[in-house]
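Contents: one structure, followed by commentary.
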Amino acid sequence: MSRLNYRGRVEMLNGLIGYKLGMTQVFSDEGKLVPVTLLELGPCKVVQVKTLEKDGYQSVQLSFDEEKEHRVTKPLLGHYKKASLSPARFLREIKTEDSGFSVGQVINSEIFKKGEFVDVTGVSKGKGFQGVMKRHNFSGGPKSHGSHFHRAPGSIGNSATPSRVWKNKAMPGQMGNKPVTTQSLEVIEVRPEQNIVMIKGAIPGGTKGLVIVRKSVKKQVNAGV
Amino acid sequence: MNRLEQIEQGYLKKDVPKVIIGSTVRVHVRIKEGEKERIQIYEGVVIRKKGGSNRETFTVRKVSYGIGVERIFPLHSPFVTQVETIREGKVRRAKLYYIRTRTGKAARIPEKERVYATKKKKGPATTQSVQLAPPAAAPEADTPS
């Protein structure tokens, strides 16, 4: 996992899956209180390696957590059997530019380092069917003084032109319970022996929710930091 | 204990400073000024304790040049190096917010009657009673900003 690839970069996976454990605060090295989200990341096993030649793109399929055999569908069981691995609760793919991963390889939270930045994907907490005030921050109408207009969306467009409602017009509907990614969050601490990763700030979803943590797309740390 | 609580345990101080509501304390705070590090002392009355585990904080109130000042310290913060108890107050409340509206004589808190070891009462006696520190022993006085 740590050999160099053709670009001289250390070859490793840039993402991992795990559970959100909840939020707390910890003291940083300078002694300051930092709000953190605790994540239980990995250890993940490589179930399948997808290659450019065979699949058209490069990625690694990871499994996380254990699952009883009778709870897994037969086609999926066959998939695990092919990799000669025990069934897992979750299967997720992580895209990678590196090759050299092998089926059955165990990847743990060592791939993240303190001070790095990551993007965290989770499923946000479901809020149900919500109106425009909560869902899209509409201001609504006056509460009193004879007003009959309180939380309604109001006009949704013009009449003659365009004589239809614009696409993506903000309307009431299902809020939350959809995949959300929060970008550029700092890694505060990594404890590979406990599979614990601490990330500064909040991440989408509730406690025990599944999260995918990837190295940040936008924010990189300079060498030496 | 869940895993979150287990991790929090690791951030607790080994010898937690004893902070009692209503007591007058001297909090030794480590202050970094550029390269130098010094200890500043903040003296006042403990009016509130809040939170649990490594999130626990306490609030110390004092009146500085006629202005009420309240400072919140995380109990387990490495900046809080020591908490000396000067006197224990006799209070009947867990949160002493009523002190904010009072000034002068009305804002006093009566001292807790001390239990002397000679009486040999059951239970904790003088073990945590009073540590009277002479004011001259202060490394540096608190400077108003």
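Just so it is clear: chains get the letters A, B, ... in the order the sequence lines come, proteins before strands, and each one is counted from 1.
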Which donor-acceptor pairs lie under 3.5 Å between chain A and chain B?
from: A/T24; atom 1: OG1; to: B/E8; atom 2: OE2; distance (Å): 2.6
from: A/Q25; atom 1: O; to: B/N54; atom 2: ND2; distance (Å): 2.6
from: A/E40; atom 1: OE2; to: B/R3; atom 2: NH1; distance (Å): 3.3
from: A/E189; atom 1: OE1; to: B/Y11; atom 2: OH; distance (Å): 2.7
from: A/Q194; atom 1: O; to: B/R3; atom 2: NH2; distance (Å): 2.7

query: Heavy-atom distance under 4.5 Å to chain B: side chain of A/M23, backbone, both or neither?
result: backbone
query: Ignoring hydrogens and geometry, is there a side-chain-to-backbone donor-acceptor pair from A/Q48 to A/K50 under 3.5 Å?
result: no
query: Quick one: ring pair (Phe, Tyr, Trp, His ring centres under 6.0 Å) partners of A/F112, sequence neighbours excluded?
result: none
query: Is there a side-chain contact between A/L62 and A/I107 (heavy atoms, below 4.5 Å)?
result: yes
message: Quick check on the interface: out of A/L33, A/L21, A/L38, who has the most heavy-atom pairs with chain B under 4.5 Å?
response: A/L38
query: Just by modelled atom types, is the A/L16 backbone N or O under 3.5 Å from a matching donor or acceptor in the A/R214 side chain?
result: no
Backbone N/O of A/V213 and side chain of A/D119: donor-acceptor pair under 3.5 Å: no
- request: Answer yes or no: is there a donor N or O on one side and an acceptor on the other, between the side chain of A/S63 and the main chain of A/L91, under 3.5 Å?
  value: no
- request: Would you please say whether a donor-acceptor pair under 3.5 Å links the side chains of A/E69 and A/Y80?
  value: no
